[in-house]
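Only one structure is covered here, and it is reproduced in the block below.
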Protein chains: 2
Amino acid sequence: MAKKKDITGDLSTEEKIKEAARQVFTKKGYAATRTRDIAEEAGINLALLNYYFRSKEKLFEIVIMEKMQLLLGKIGPVLTDEKTTIEEKVEDISEHYISTLIANPDIPLFVLGEIRNNPEKFANLIMTKTKIVNSAFFKQLAARRPDIDPLHFIFNMLGLIIFPFIGKPLIQLITGIPSERAVVLMNERKKLIKTWFQAMLDAK
Amino acid sequence: MAKKKDITGDLSTEEKIKEAARQVFTKKGYAATRTRDIAEEAGINLALLNYYFRSKEKLFEIVIMEKMQLLLGKIGPVLTDEKTTIEEKVEDISEHYISTLIANPDIPLFVLGEIRNNPEKFANLIMTKTKIVNSAFFKQLAARRPDIDPLHFIFNMLGLIIFPFIGKPLIQLITGIPSERAVVLMNERKKLIKTWFQAMLDAK
DNA sequence: GTCTATATTGTGATAGAC
DNA sequence: GTCTATCACAATATAGAC
């Protein structure tokens, strides 16, 4: 019964290192990660890391860009779609992100932490990836609730979706709920968030 | 016009170091912080840091415990209060935390990041500080909406309050809104969150 | 208490044998 | 391609003069 993926298995050496880097970097962040941790996790010799990827920094670039794509890739296209309603956009984003984050729960804290430590580095990438202001979603929100800044609803949507994954270590400690139960809860939220978001839109 | 507090001023050396440590640690996290950064920020000699605090680790303990207290200190007493309603609890927590976080916007990402890197270390502290399950708030939520796990509403409340501060670097990059405007938005949320939370509670 | 100089350790990276 | 051994430098910490 080998539940956890064993990356010391049949992958190529290069792929073993990359997969180990994904795990260690996303779990501990760039600064707290030592190349020796990655080598050990991959079950390879430390020198091979530099042989394949030249440096810790270069390997990190690959991982962070992958994860950033996963976190931000979907949002731009959905929000700028002129043909869908607010409700459809919210449901689409909610279902897509919760599924993605159940499979990759460490991503939000990882990506947001690295952006904090190096905002300039990601400025260009982010601005091209996500056109929120002046998006169709933004205009639809402004039309629906002209009395409230549309940014509030952006915060609300992302907060409802992403926060449970960021706060998970804390919530797990506080409540002691097991991981399987947490997954059930997250799946429940896919549908609930749509309902809650509508309620917030209509709240007076 | 000296807007930013100058910690090289009239504080005691010990306090200068501690204040510099607060700033650097919360902004960059433990691993990415060098003791030299702290010494420079404090305007003191590097050796003095070890003279007063023995080690980077010991200095960090002081700072993280302070910040954890700031983030978690209020929540337990409010949630376990048998005499207040759901609405009063939400308003109380919302106003208190948003004020606190406007003054200390880096705290959530800092604290949650360090918990992630060292969950065992904070396990005891957190469990004693925050009794969420079986709190009055928890029971009130279960009575009000027996069809939905109360944890969902805990997630929702904390997400609405805390996420904007965690996502701020990202949102700033995406929207380009200036910091002053962000503060205005956060203050608006104090009242809005109460309304939104009620709407979510009543949503069918 | 504060400084300069230095010891000590940790960590990324490479040389060179196989 | 992979390994062992080692280098080079960065970062924490301390010794000892003032």
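Quick note on labels: first sequence line is chain A, next is B, and so on, each numbered from 1.
Here the CZ-CG distance, from A:R22 to A:L59, works out to 9.5 Å after rounding to the nearest 0.5 Å.
Among residues at least two apart or in separate chains, there is no ring pair (Phe, Tyr, Trp, His ring centres under 6.0 Å) pair with a member in residues 70-119 of chain B.
Residue A:Y52 is in sugar-phosphate contact alone, with no base atom involved, counting any heavy-atom pair closer than 4.0 Å across all strands shown.
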Quick tally for nucleotides 4-18 of chain C: nucleotides whose base has a protein heavy atom under 4.0 Å get B, sugar-phosphate-only ones S, the rest -, giving B------BBBB----
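If you check residues 59-68 of chain B against DNA chain C, you find no residue with a heavy atom closer than 4.0 Å.
Applying the salt bridge (Lys or Arg N to Asp or Glu O under 4.0 Å) test to B:K191 and every residue at least two apart in sequence or in another chain returns B:E91, B:E95. B:K56 is linked by a side-chain contact (heavy atoms from CB on, under 4.5 Å) to B:F25, B:Y30, B:T35, counting only residues two or more places apart in sequence or in another chain.
Within 6.0 Å of CZ in A:R144 there are more than 12 heavy atoms belonging to other residues, nucleotides or ligands. The number of heavy-atom neighbours closer than 6.0 Å to NZ of A:K190, taken from other residues, nucleotides and ligands shown, is above 12.
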Please table the atom pairs, donor to acceptor, closer than 3.5 Å between any side-chain atom in residues 153-178 of chain A and protein atoms at least two apart or in another chain.
unit_1: A:N156; atom_1: OD1; unit_2: B:R189; atom_2: NH1; d: 3.1
unit_1: A:N156; atom_1: OD1; unit_2: B:R189; atom_2: NH2; d: 2.6
unit_1: A:N156; atom_1: ND2; unit_2: A:H152; atom_2: O; d: 3.4
unit_1: A:T175; atom_1: OG1; unit_2: A:I171; atom_2: O; d: 2.7
unit_1: A:T175; atom_1: OG1; unit_2: A:I177; atom_2: N; d: 3.3

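Nucleotide D:dA13 holds its P atom 13 Å from the CD1 atom of B:I17, rounded to whole Å. C:dG1 atom P lies 13 Å from atom CD1 of B:I44, rounded to whole Å. Taking atom CZ of B:F53 as the reference point, atom P of D:dT14 lies 15 Å away to the nearest angstrom.
Looking at B:V63, B:V24, B:L46, B:I44 one by one, the single match for side-chain contact (heavy atoms from CB on, under 4.5 Å) with B:I38 turns out to be B:V24.
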